[in-house]
Amino acid sequence: MKASETAYKPVGLAAGAVGGMAAGTVFKQAWKVLGHDEDVPDATDEERDRGEVLLTATPQGVVFAAVTAAVDRVGATVACRLTGTWPG
């Protein structure tokens with residue numbers, strides 16, 4: 001493993017955590033904009049049926065993957081500009 005990869009690991013982990021929190025916020029806001037008065041269905045919510053939970057989890061997963069990938073890509077780009085080496 002290259003030194004740049006090792007040095008980037010903590011940055012990548014922090015960026016992933018921030019990206020995950022941002023993705024949750026983005027999806028919750030989108031859920032409200034789409035006209036849902038209730039909170040996003042949770043997998044363990046007894047009031048919601050399986051279909052509703054799974055249909056909500058699908059776009060939620062897409063938003064999560066896109067936001068975390070964007071945040072990670074920005075982090076890698078910044079690291080490359082600072083060090084001159086791509087961290088991956």
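Owing to the predicted nature of the structure, the values given are computational and were not obtained by experimental measurement. Nothing fancy with the numbering, it's 1 onward along the sequence.
Applying the 4.5 Å side-chain rule to ILVMFWY residues, one finds Val78, Leu82 in the same cluster as Val74. The hydrophobic cluster analysis finds Leu55 isolated: no Ile, Leu, Val, Met, Phe, Trp or Tyr side chain comes under 4.5 Å of it, directly or through other members.
Residues satisfying the side-chain contact (heavy atoms from CB on, under 4.5 Å) criterion with Phe64, sequence neighbours excluded, are Ala23, Thr68. Every residue meeting the salt bridge (Lys or Arg N to Asp or Glu O under 4.0 Å) condition with Arg48, not counting sequence neighbours, appears here in chain and number order: Glu38, Asp45, Glu52. Applying the side chain to side chain donor-acceptor pair (under 3.5 Å) criterion to Thr44, with sequence neighbours excluded, gives Asp42.
At a threshold of 4.5 Å between non-hydrogen side-chain atoms, the residues Thr85 and Tyr8 do not count as touching.
Counting only residues at least two apart or on different chains, the ring pair (Phe, Tyr, Trp, His ring centres under 6.0 Å) pairs with a member in residues 34-57 are Trp31-His36.
Cluster annotation: Val26 and Val71 are assigned to the same hydrophobic cluster (Ile/Leu/Val/Met/Phe/Trp/Tyr, side-chain heavy-atom contacts under 4.5 Å, transitive).
Under the side chain to side chain contact (heavy atoms under 4.5 Å, CB included) rule, Lys28 has a single partner from Val63, Val40, Asp39, which is Val40.
For Val53 against Pro41, the heavy-atom pair with the smallest separation is CG2-CB, 4.3 Å.
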